[in-house]
Amino acid sequence: MQLRVSSFEDVKESAQPRAAQPRVFPLPLLKIFLPLFALVAVGFSVFGVYVTRRIGVLPAAAVGGLFRPLCVEEPPSLDRWVRPPADLMHSMNDEELFWRASWVPQVKKYPFKRVPKVAFMFLTRGPLPLSPLWEKFFRGHEGRYSIYVHALPSYQANFTSASVFYERQIPSKVSEWGQMSMCDAERRLLANALLDISNEWFVLLSESCVPLLSFNITYQYLIRSRYSFVGVTDDRGPYGRGRYNASMAPEVTIEQWRKGSQWFQVKRKLAVSIIKDTTYYPKFEKFCRPHCYVDEHYFPTMLAIQSPNLLANRSLSWVDWSRGGAHPATFGKVDVTEAFLKRIIGGRNCSYNDQPSRICYLFARKFAPSSLGPLLQLAPIPLGLG
Ligand SMILES: *[C@@H]1O[C@H](CO)[C@@H](O)[C@H](O)[C@H]1NC(C)=O
Ligand SMILES: *[C@@H]1O[C@H](CO)[C@@H](O)[C@H](O)[C@H]1NC(C)=O
Ligand SMILES: *[C@@H]1O[C@H](CO)[C@@H](O)[C@H](O)[C@H]1NC(C)=O
Ligand SMILES: *[C@@H]1O[C@H](CO)[C@@H](O)[C@H](O)[C@H]1NC(C)=O
Ligand SMILES: *[C@@H]1O[C@H](CO)[C@@H](O)[C@H](O)[C@H]1NC(C)=O
């Protein structure tokens with residue numbers, strides 16, 4: 001091995017006496033030198049084994065590489081599959097991304113300490129006016145959440161490096177309400193978040209969403225839940241079954257047709273089901289056209305057919321439809337009072353892990369930018385954000 005030869009020469013040089021000597025080694029010197037050589041050789045072997053264990057592969061080139069400037073690519077280790085992508089921007093198209101994101105380990109036990117994270121996925125057109133409230137919500141809980149933002153491709157986010165939203169934008173495309181491009185954006189968020197093996201829950205939020213409870217309560221509520229939270233109802237009226245198109249059969253029958261809010265909170269297993277679906281997607285794309293509002297039907301219907309037993313059949317995002325009309329109420333500065341927030345958080349009964357629970361919502365919408373001031377002021381009291 002080249003390495004040992006060169007070190008042999010180093011040793012030989014240092015072992016040579018200062019004064020002029022015959023070219024032939026005197027025997028007594030050889031007696032000192034031989035054990036020394038053996039020691040150095042053993043040292044390198046041990047070092048070689050150590051390097052092999054550390055980085056896996058050990059051709060001579062790899063060891064040589066340690067002594068030359070390191071230009072060889074880092075050999076694969078488990079860390080490569082565990083570490084989240086360093087940069088959320090990538091050059092994969094949707095087809096490539098969904099394929100990669102659909103990888104699922106078949107050995108269920110993780111061979112490393114996995115702290116489950118909650119992926120908060122913001123589906124927005126551009127700015128996040130309520131981001132200061134979210135900053136407060138996330139602060140101090142690093143390692144248990146990750147953030148993804150899907151905005152219009154033309155939008156340039158300007159968060160500073162101190163922000164939790166800094167460089168959390170994913171490659172995005174134009175998406176429009178009620179169209180398949182909206183479901184595509186949601187699947188894109190899920191797929192990007194799936195690339196981090198530690199993400200266990202996937203929460204879809206809009207720029208008008210606010211957290212209602214502290215991070216710790218939110219985290220525990222999700223992590224301990226047996227069911228994923230997707231609003232699933234069988235609305236027999238014109239805005240429910242009335243939107244069904246018989247051409248969707250046999251994949252989807254009118255009895256299987258469901259409606260629900262798009263703002264879901266799902267576990268990893270369902271996130272994978274959503275991004276890998278090729279059975280229902282073409283049917284919805286083709287037959288759930290404008291005035292069908294595909295984002296209200298595709299995921300609830302598909303999941304209710306495929307995995308009914310994994311669904312809580314309700315969403316954790318509160319919204320107020322009581323005013324009637326096509327859009328839910330939006331709350332501004334004057335609406336946000338302590339009593340208002342307490343009314344949203346409590347005063348309701350629902351089922352959680354098959355037990356009655358008073359906490360039914362973790363998030364609420366829709367809040368206008370003007371609500372930020374009172375929300376930040378009230379946050380330490382009913383929201384427990386402090
Ligand atoms: C980012 O841009 C918006 C306007 O687009 C501006 O209101 C805001 O102050 C900017 N934020 C920072 C941190 O520069
Ligand atoms: C939240 O939970 C973490 C981890 O369990 C804990 O270290 C921290 O003290 C908790 N924070 C609050 C405000 O309870
Ligand atoms: C079903 O969808 C097709 C294709 O979009 C359309 O031509 C047809 O009129 C629809 N049928 C109903 C009952 O809406
Ligand atoms: C949700 O609804 C499905 C039927 O669509 C049912 O099988 C399932 O048990 C329901 N989930 C809960 C938590 O009740
Ligand atoms: C919730 O259930 C409790 C008893 O389980 C009942 O006393 C209370 O009135 C219920 N609240 C609502 C809003 O239904």
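Remember, it's 1-based here, ligands and their atoms both numbered in the order they're listed.
A salt bridge is defined here as a Lys NZ or Arg NE, NH1 or NH2 lying under 4.0 Å from an Asp or Glu carboxylate O, and Arg226 with Asp354 meets this definition. A salt bridge links Glu135 with Arg139: the closest approach of a Lys/Arg side-chain nitrogen to an acidic carboxylate oxygen falls below 4.0 angstrom.
The N/O atoms of Tyr227, backbone and side chain alike, include none that comes under 3.5 Å of an N/O atom in ligand 4. Of the N or O atoms in His141, none lie within a sub-3.5 Å distance of an N or O in ligand 2.
Protein residues having at least one heavy atom under 4.0 Å from any atom of ligand 3 are Asn245, Lys286, Phe287, listed by chain and number.
Counting heavy atoms under 4.0 Å from ligand 2, residue Arg144 touches it through the side chain alone. With a 4.0 Å heavy-atom cut-off, ligand 4 is reached by no atom of Val232. Contact annotation for Leu311 and ligand 4: only backbone heavy atoms (N, CA, C, O) come within less than 4.0 Å of the ligand.
Side-chain contact of Gln256 with Thr301: a donor-acceptor pair under 3.5 Å is absent, judged by distance alone. A donor-acceptor pair shorter than 3.5 Å can be found between the side chains of Asp320 and Ser322.
In this structure, OG on Ser228 lies 12.5 Å from CZ on Arg268, to the nearest 0.5 angstrom. The structure places CG of Asp234 at 11.0 Å from CG of Asn313, a figure rounded to the nearest 0.5 Å.
The aromatic ring centres of Trp257 and Phe284 sit less than 6.0 Å apart.
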Exercise for the section: Could you walk me through whether Lys117 and Asp196 pass the salt bridge (charged side-chain N to carboxylate O under 4.0 Å, His left out) test, one step at a time? Expected result: CA-CA 9 Å; Lys117 291 198 281 188; Asp196 182 345; 2.7 Å; yes
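Taking every non-hydrogen atom of Asn309 and a distance limit under 4.0 Å, the qualifying atoms of ligand 4 come out as 7 (O).
The shortest side-chain heavy-atom distance between Tyr110 and Ile197 falls under the 4.5 Å cut-off.
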